[in-house]
Every structure is written in C-alpha cells, then in structure tokens.
*Asks:* 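Structure incoming, see below.
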Amino acid sequence: MGPALSIPALASLTTMQVGGVPKSITKCESTNDLYEAAKAAWLSDEPFQILGGGSNTVFADEVAHLNIILVANLGKEIVFEDDQKAIVRVQSGESWDELVAWAVEHNLAGIEAMSGIPGSVGATPVQNVGGYGQEVSQVITQIEFLDASTHEVEIKPASFFKFSYRDSALKHDLKGVIGWVEFELQKLGGLSVPMASGQITNHVGAEYGSALPLKVVRDTVIELRSSKGMVVRLDDPDSVSCGSFFTNPVVSFSKSLEFPDEMQKWEMESGDVKLSAGWLIENAGIPKGYSIPGSKAAISNKHALAITNRGGAKAEEIVQLAVLIQERVAARWGINLIPEPNLIGF
Ligand SMILES: Cc1cc2nc3c(=O)[nH]c(=O)nc-3n(C[C@H](O)[C@H](O)[C@H](O)COP(=O)(O)OP(=O)(O)OC[C@H]3O[C@@H](n4cnc5c(N)ncnc54)[C@H](O)[C@@H]3O)c2cc1C
C-alpha cells in the first residue's frame, strides 16, 4: 500500500481560494457515481456539499466535518438535430465555458453571450446563470435529476426548476443532484441570436437587438468581462473571486423611483426593476479596491460588486467585508443585498 493521499484544502478547488481541509472528497467521474455518492450521503447523518468548479462557493476556514462530492462526469452528445436546431446533452462536470466555445465553433447559437463564465455545466441551472442578456433558462429543455426527497432519478422539464433572475427552485426547497443538462441551440448560419445587451452592440457599433457573428460575440464578451476582472485568469488578481458577490436587488417600479436617475436600472418583464448593486455599494461610500485595514480581502479594483482574495485571505476576512458592505448599503439605501455565492460552513 502506498502512502495515504492527503486531502487538499478547499481553497485549491474554489476560485475565491479560501476554505479549509474537509473530512473527505469523493470525485465522481460518472453520473452513476454521482448519484450513488449523493444517496449514500443522504442516508448518513454527516454534512456534505456538492461541488462543481467552485466558482460560486465560499467555504469556511474550518470544514473538517464536511464531506465533498466533486462533480467530474464528462461528455456531451447531440441527441437531436435538424436544419434549424441541435439539442445537446451535456454531463454536469463539463466546463461551461468550453461548452460555449464548442457551440460557437460549431455555429450553434443561444449561449454565446455567456462566454467566459467559469464553473461546470451542472451548476448553471442552480442560479440560472446568465450574463449580457442571456440566461441558461432560455435554452435548457430538460435535466436529469436525482431528487433528494424520492431518491429517484428522473428527466425533468425546465419548468420543474422554476427559473427566474439568478434563481431556481434549487436555491430554495428543491434538493437533489443534476446529472446532465440538455440545451436547445439554434442554427443561424454562424450568427448569434438577437443581442439583448447594449454593452455588446455598442462595443461593436451595431444596433441593439442585432444578430452578430458568433465569434464576434464571444470575443467581445470575453474582452468586456476581462476589463472587469470577470474572467478567471492567473495574471489577474481581480479575478480571485466568485464574480459578483451580491445579486442586483429587484424592487417594485414605484420603489425604483426613489433612486436617482444616474443609477443604471433594468426594467424586467414582470414590471419590477433591477437596481445596480455595484452602484449602491460605491454610493454607500465603498470604492473599488476598498479593504478593511489589515485585511487580505478587498473589493476588486475593476468592479464594485466583486470581493477578491488579495492572496492568503481567510474565509472569515471575505465574510467580514461582505457584512460591512451589506450594513453600509442597508444604512444608506435601505436595501438588503443578498449574497450570490453559496456560503458553506459559516
Ligand atoms: C470571475 C467570475 C465571473 C462570474 N460571472 C458570472 C456571471 O456572469 N453570471 C453568473 O450567473 N455567474 C457568474 N459567476 C458565478 C459562477 O461562475 C456560476 O454561478 C457557475 O455556474 C458556478 O459553477 P460551479 O461549477 O463553479 O459551481 P460551484 O461553486 O461548484 O457550485 C455552486 C452551487 O451549485 C451546486 N451544484 C454544483 N454542481 C451541481 C450538480 N451537478 N447538481 C446539483 N447541484 C450542483 C453546488 O452545491 C453549489 O450550491 C462568476 C464567477 C466568477 C469567479
């Protein structure tokens, strides 16, 4: 028998790079392994956490009680195709951004504006991942799901997951494991779907709502994201984060009128209005780059919504900064900012 392999700290498995050494890590390289590991965990009394790419999870420094189920099932296949569309079934452990790159390369439209988002495919339904005018709920057809309440594996339609802005039933009462996700992508002769992001169309001098070459959309989004530290890069300390640490608060139309016009606001289909959390933070007196004196956690220099680890931060320091931001924004604007990442073990 060789030497026992040591269990790595969760800092090494998360983009925020914080988190202690867990009790165990079970790497699941097939959907079957994933489902079996989850069922065993539900039957035991021990706490556990499912982990994909670790880009939306902040673990506490002390997690010695926690078992980790690491999602690593790979593979994708086109399960249906005609002249107009392709339906692609993708295993949970696949990289989301590699899927987007593959779709762009194969002239399949519908996810191009979500280029550069880190993490796994299986995590994208959890918070209905989105960016630059697209959300995964627009293209998900069905999901294979192991339901914690029944221990049955079933193929569920997208509607089962009750998607809304950065939200799904999986962030509330629905507990279970996603084995694979199916996406319906369109064949538009190398063009994107109509772009619902002024940032993209302005950047290339096109009209809002135009379809652009898929590669142009991908390159533009990665360029825009990089300028905000929103692409994980080894050479960018501002990307040692979970992306946006808070969701943009959604308020009623009448409430939105209480906020100054200079703040960017987005009217939603529901009639409610999404406010800019970054603006609220900066206008509560917390500038980009801000850090509590002596702390190794800081607001990104490029984006007021991202909390970053400036090297060797403790999870505790990340959370202290998050709480300070919440308190200042609540005091100045009367808005409770809701953290976007999963905070585990605090
Ligand atoms: C630089 C940066 C930029 C980002 N930009 C965006 C953005 O523009 N838009 C956006 O929406 N998000 C963004 N994010 C957040 C993050 O990338 C997404 O939420 C991503 O989908 C998380 O994937 P993951 O595999 O890393 O999830 P993890 O952090 O590993 O897990 C997230 C949650 O999903 C659960 N989970 C993971 N896999 C499964 C599964 N197979 N079955 C059931 N539950 C599962 C976990 O238990 C956890 O609760 C950004 C993050 C970073 C670091």
Side-chain angles (χ1 to χ4, degrees), residues 10 13-17 19 28 31 33-35 37-38 41 47-59 66 68-74 90-100 111 113-137 143-148 153 156 161 163 165-172 174-181 197 199 221-222 224-233 236-248 300 302-303 305-309 339-344:
L10 293 174
L13 296 176
T14 56
T15 55
M16 188 64 98
Q17 298 179 11
C28 301
T31 40
D33 284 358
L34 188 56
Y35 297 150
F48 76 99
Q49 176 68 19
I50 297 166
L51 185 64
S55 63
N56 212 21
T57 303
V58 180
F59 286 106
L66 193 63
I68 300 296
I69 296 178
L70 193 60
V71 181
N73 51 324
L74 300 180
V90 192
Q91 299 293 312
S92 288
E94 285 285 335
S95 147
W96 169 257
D97 192 48
E98 281 176 22
L99 174 66
V100 179
I111 55 177
M114 292 182 278
S115 289
I117 298 178
S120 63
V121 166
T124 58
V126 177
Q127 67 156 1
N128 184 17
V129 158
Y132 295 88
Q134 291 182 346
E135 290 183 331
V136 287
S137 59
I143 292 176
E144 188 175 87
F145 185 64
L146 169 66
D147 194 321
V153 177
K156 298 286 191 188
F161 297 90
F163 293 119
Y165 165 65
R166 290 305 169 275
D167 200 24
S168 79
L170 290 159
K171 290 197 87 173
H172 303 280
L174 183 63
K175 303 290 172 227
V177 183
I178 292 170
W180 51 250
V181 186
S197 159
Q199 288 187 71
V221 170
I222 288 179
L224 288 169
R225 283 183 155 282
S226 300
S227 70
K228 299 174 191 168
M230 287 290 171
V231 176
V232 176
R233 287 184 196 281
D236 183 1
D238 284 314
S239 72
V240 185
S241 77
C242 279
S244 301
F245 202 91
F246 300 101
T247 51
N248 288 317
S300 158
K302 302 193 184 90
H303 200 301
L305 250 189
I307 295 181
T308 61
N309 175 350
E340 187 184 294
N342 302 279
L343 305 173
I344 307 296

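Whatever order the structure lists them in is the order used to number ligands and atoms, beginning at 1.
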*Asks:* Working to the nearest 0.5 Å, report the span between CD1 of I222 and CZ of R233.
*Replies:*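 So the gap between those two atoms works out to 7.5 Å.
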
*Asks:* Quick one: does I178's side chain get under 4.5 Å of P125's, heavy atoms only?
*Replies:*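 Contact flag for I178/P125 side chains = yes.
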
*Asks:* Applying salt bridge (Lys or Arg N to Asp or Glu O under 4.0 Å), which residue pairs with at least one partner in residues 113-134 are found, sequence neighbours left out?
*Replies:*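 Listed by first then second residue: nothing to list.
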
*Asks:* Report all protein residues having a heavy-atom distance below 4.0 Å to some atom of ligand 1; order the list by chain, then number.
*Replies:*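 Residues T15, Q49, I50, L51, G52, G53, G54, S55, N56, T57, V71, S92, I117, P118, G119, S120, G122, A123, V126, Q127, V129, G130, R166, G176, V177, I178, R225, M230, V232, S241, C242, G243, E340, N342 each place a heavy atom under 4.0 Å from ligand 1, listed by chain and number.
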
*Asks:* Is the backbone of S137 close enough, under 3.5 Å, to the side chain of N128 for a donor and an acceptor to pair up by distance?
*Replies:*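 Yes: the side chain of N128 pairs with the backbone of S137.
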
*Asks:* With sequence neighbours excluded, what pairs up with Q17 under the side chain to side chain donor-acceptor pair (under 3.5 Å) test?
*Replies:*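 Q17 satisfies side chain to side chain donor-acceptor pair (under 3.5 Å) with no residue once adjacent residues are dropped.
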
*Asks:* Taking salt bridge (charged side-chain N to carboxylate O under 4.0 Å, His left out) as the definition, give me every residue that meets it alongside K156, ordered by chain and number, with sequence neighbours left out.
*Replies:*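 Once residues adjacent in sequence are excluded, the partners of K156 under the salt bridge (charged side-chain N to carboxylate O under 4.0 Å, His left out) criterion are E154.
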
